[in-house]
Amino acid sequence: MTTSLTDKILFEQKKTGQSAESDQVSFTFEEAVEETGFGTFHAVLLIICGWANASDAIEILCVSFLLPTARCDLHLSTSDMGWLTASIFLGMMIGGLVWGVLADLRGRQRILVVSLTVNGIFGAVSALASNYWQFLLLRFISGIGVGGSLPVIFSYFSEFQPRNKRGSMVSALATFWMAGNILAAGLAWLVIPRTSLAFQLGYVHFQSWRLFVMLCSIPSLTSALVYAVGMPESPKYLMEAGREEDALRVFQRMFYWNHRGSARSFSVRRLVISSPDKSNIKLYESRADWLKQQILKGVDPIRKLFSHKLRSTSITLVVIFFSISFGYYGLWMWFPELLKRMEIGGGSACSRNWNRTSGEGVTNVTCYPVKTVVYKEGFLIAVANLPGNILTILIMDLLGGKLLLCLSLFFSGVSAFFIWEVKTKVHSLVVSCLFSAISVIAWNSLDVIGLELYPTQLRSSALGMFSGISRVAAILGNIAFGQLVDVNCIVPILLVAVLLFIGSLACLKLPNTKKIELS
């Protein structure tokens, strides 16, 4: 037991005249987490939550990797491709708002199981779509699942972490997005060029890209199973819900896994528990009254996010989330297509050798034989995330999320600016890798800051709302690329750079959250 906690127990005993150990001492959340220690439980939790985070990355990014090939089978125009990549983000926007509020009201673990299941099932079924509209609808529903699991995973994970490890551990969790990115790119490189795998399945010509889509759904389904069978509810949520005994059981479980083989016993017997608000409990005369009350209850957390105390922070984060999401997803989801254009044009992504303004449409596009080099280069850009993730883990707790976020957004804008300026295929690939390495630092920093700026009862709602803002930006970014990339691809790329610069300026208004205590 640490000195501070020992002093607290002795003080309480002296004040109350007790000779017992610590039965009557109430521990706060941070103190109870500190008592559980840090070890095996947190390592296992990181792997499980990380796999769920990776599964979301895979489900989002798989569409971008299949487009250079699937566009012929589904008869897609460039505009259709923009709407298709935007559809999953539209689903994520809705899912982020709905699931985030439900996670604050009903618990994190339960919502993770449901949202991951929705993600995996509809993602797998989309592989059987026979036309563009079926595929669009199924990817949209899959996106609703992703929109729920993505923000809730970070709330859930952070609420098991001791204060002095939270920044580095959340950064470590964020690196699994990179792992999912690399896995999706590697799987695309391995599977999609294997056109010999194609076969006829009823009315569907089952090409290799369809097998790739099905394989991408496996991580979400396995994550849902693990959460349903073996994962506890967040102890912080349980304390806020007034469920002291349940929270104590979770802390005891954490202590057991972190101190296996040790003779030491868990000293926490009581917790500082929030009393559930029973003032609004009443009988409703009709289902309509009940539904109205539930809607108002669901909207209330969003209203509180823009209360006087949190208004400035929330507005600033809205600007930052919009900037980075438009820039990152607008550019990242189109990297495989831009790489294909580099390969055909022999120069930059905006090479004059790629001329799609002739009005010949989709019939002028060749998808087969599949250009394997495009997926190889996509894999290299995904791997470029690695140094940025490692750097984030090493210096997050040292410098804090705010400084890293500001610098990363600025230099991401610089690298995005030069994507269209360079003239050779090699230089374009290098600059794209730089953008990948630098921009991931901003995402990792934003994950940490977003968790630390809001109290428990608003945390998932805040992340859900900002995820919704991100999805609006991602939708607009992908539609903008789809509409403008054939007309003049310089325009959307420069728009990305400008928005990233705006985001870097906005983050200067954020408070410093380095090693702050979770409220």
Query raised in the report: Is there a side-chain contact between Leu505 and Phe501, using heavy atoms and a 4.5 Å cut-off?
Result: no

**Report entry** For Leu225, all residues meeting side-chain contact (heavy atoms from CB on, under 4.5 Å), sequence neighbours excluded
**Finding:** Val229

**Report entry** Residues which pass disulfide bond (SG atoms under 2.5 Å apart) with Cys406, listed by chain and number, not counting sequence neighbours
**Finding:** Cys507

Requested in this report: First locate atom SG of Cys49, then atom CE of Met231, and finally report the distance between them rounded to the nearest 0.5 Å.
Outcome: 5.5 Å

Query raised in the report: For the atom pair CZ (Arg108) and CZ (Arg106), what is the distance rounded to the nearest 0.5 Å?
Result: 13.5 Å

Query raised in the report: Does anything in residues 134-148 pair up under salt bridge (Lys or Arg N to Asp or Glu O under 4.0 Å), and if so which pairs, sequence neighbours excluded?
Result: Glu59-Arg139

Query raised in the report: Between Ala86 and Ile475, which heavy-atom pair has the shortest distance, and what is it?
Result: O-CG1, 3.5 Å

Report summary line: The reported gap from CG in Leu66 to CG in Leu211 (rounded to nearest 0.5 angstrom) is 12.0 Å

Query - Over all atoms of both residues, closest heavy-atom pair of Ile493 and Ala416 - result: CG2-O, 3.3 Å

Query raised in the report: Do side-chain atoms of Asn53 reach the backbone of Ile153 as a donor and acceptor pair under 3.5 angstrom?
Result: no

Query raised in the report: For the side chain of Thr222 and the backbone of Pro219, is there at least one donor-acceptor N/O pair under 3.5 Å apart?
Result: yes

Query - Side chains of Phe160 and Pro232 in contact at under 4.5 Å (non-hydrogen atoms) - result: yes

Requested in this report: Just do the side chain to side chain contact (heavy atoms under 4.5 Å, CB included) check on Phe140 and Ile94 with the steps written out, would you?
Outcome: CA-CA 10 Å; Phe140 164 74; Ile94 296 172; 3.8 Å; yes

Report task. Determine, step by step, whether Phe435 and Leu500 satisfy the side chain to side chain contact (heavy atoms under 4.5 Å, CB included) criterion, reporting the C-alpha distance in whole Å, the side-chain angles of both residues, the deciding distance to 0.1 Å, and the verdict. Result -> CA-CA 11 Å; Phe435 175 82; Leu500 289 171; 3.9 Å; yes

Output side-chain donor-acceptor pairs under 3.5 Å for residues 378-386, partner residues at least two apart or in another chain, one line each.
residue: Asn385; atom: ND2; partner: Ser436; partner atom: O; Å: 3.1
residue: Asn385; atom: ND2; partner: Ser436; partner atom: OG; Å: 2.2

Report summary line: Checking Leu138, Thr117, Val146 against Phe122 for side chain to side chain contact (heavy atoms under 4.5 Å, CB included), the one that qualifies is Leu138

Query raised in the report: Is there side-chain contact between Ser445 and Ile441, with at least one heavy-atom pair below 4.5 Å?
Result: yes

Requested in this report: May I ask you to decide if Ala474's main-chain N or O and Asn478's side chain share a donor-acceptor pair within less than 3.5 Å?
Outcome: yes

Query raised in the report: How long is the gap from OG on Ser412 to CZ on Phe417, to the nearest 0.5 Å?
Result: 15.0 Å

Query raised in the report: Is there side-chain contact between Val125 and Ile141, with at least one heavy-atom pair below 4.5 Å?
Result: no

Query raised in the report: Quick one: are Leu128 and Met214 in side-chain contact, heavy atoms under 4.5 Å?
Result: yes

Query raised in the report: Is it true that the side chains of Ser79 and Gln483 contain a donor and an acceptor less than 3.5 Å apart?
Result: yes

Determine all donor-acceptor pairs shorter than 3.5 Å in which one atom belongs to a side chain in residues 324-331; sequence neighbours excluded.
residue: Ser325; atom: OG; partner: Phe321; partner atom: O; Å: 2.8
residue: Ser325; atom: OG; partner: Ser470; partner atom: OG; Å: 3.0

Query raised in the report: Short question: side chain of Ser314, backbone of Arg311 - any donor-acceptor pair under 3.5 Å?
Result: no

Requested in this report: Please name the pair of heavy atoms, one in Ala188 and one in Phe65, separated by the smallest distance, quoted to 0.1 Å.
Outcome: CB-CB, 3.8 Å

**Report entry** Shortest non-hydrogen separation from Ala103 to Val152 and the atoms involved
**Finding:** CB-CG2, 3.8 Å

Query raised in the report: Does the side chain of Phe176 come within less than 4.5 Å of Leu46's, by heavy atoms?
Result: yes

**Report entry** Pair Tyr375, Thr69: side-chain N/O donor-acceptor within cut-off below 3.5 Å
**Finding:** yes

Query raised in the report: Can you tell me how far CD1 of Ile479 sits from OG of Ser87, rounded to the nearest 0.5 angstrom?
Result: 10.0 Å

Query - Any pair counted as salt bridge (Lys or Arg N to Asp or Glu O under 4.0 Å), so long as it reaches residues 211-229, sequence neighbours left out - result: none

**Report entry** Whether Tyr156 and Tyr227 hold their rings parallel, tilted or perpendicular, with breakpoints at 30° and 60°
**Finding:** perpendicular

**Report entry** CA sep, side-chain torsions, deciding dist, call: Val491, Leu495, side chain to side chain contact (heavy atoms under 4.5 Å, CB included)
**Finding:** CA-CA 6 Å; Val491 175; Leu495 185 58; 5.5 Å; no

Query - side chain to side chain contact (heavy atoms under 4.5 Å, CB included), paired with Ile60, selected from Asn181, Thr85, Ile88 - result: Ile88

Query - Between CG on residue Leu405 and OG1 on residue Thr392, distance to nearest 0.5 Å - result: 11.0 Å

Query raised in the report: Is a donor on one side and an acceptor on the other found under 3.5 Å between the side chain of Ser408 and the backbone of Ile438?
Result: yes

Query raised in the report: What's the shortest heavy-atom distance between Leu116 and Ser55, and which atoms?
Result: CD2-OG, 3.8 Å

Requested in this report: Evaluate side chain to side chain contact (heavy atoms under 4.5 Å, CB included) for Val430 paired with Phe418, printing each intermediate quantity in order.
Outcome: CA-CA 10 Å; Val430 170; Phe418 283 103; over 6 Å; no

Query raised in the report: Where is the tightest heavy-atom contact between Pro492 and Leu484, given as atom of each residue plus distance?
Result: CD-CB, 3.9 Å

Report task. Determine whether Leu409 and Ile320 make a side-chain contact, defined as any pair of heavy atoms from C-beta on separated by less than 4.5 Å. Result -> yes

Query - Sidechain-backbone polar pair: Ser323 side chain, Leu499 backbone, donor-acceptor under 3.5 Å - result: yes

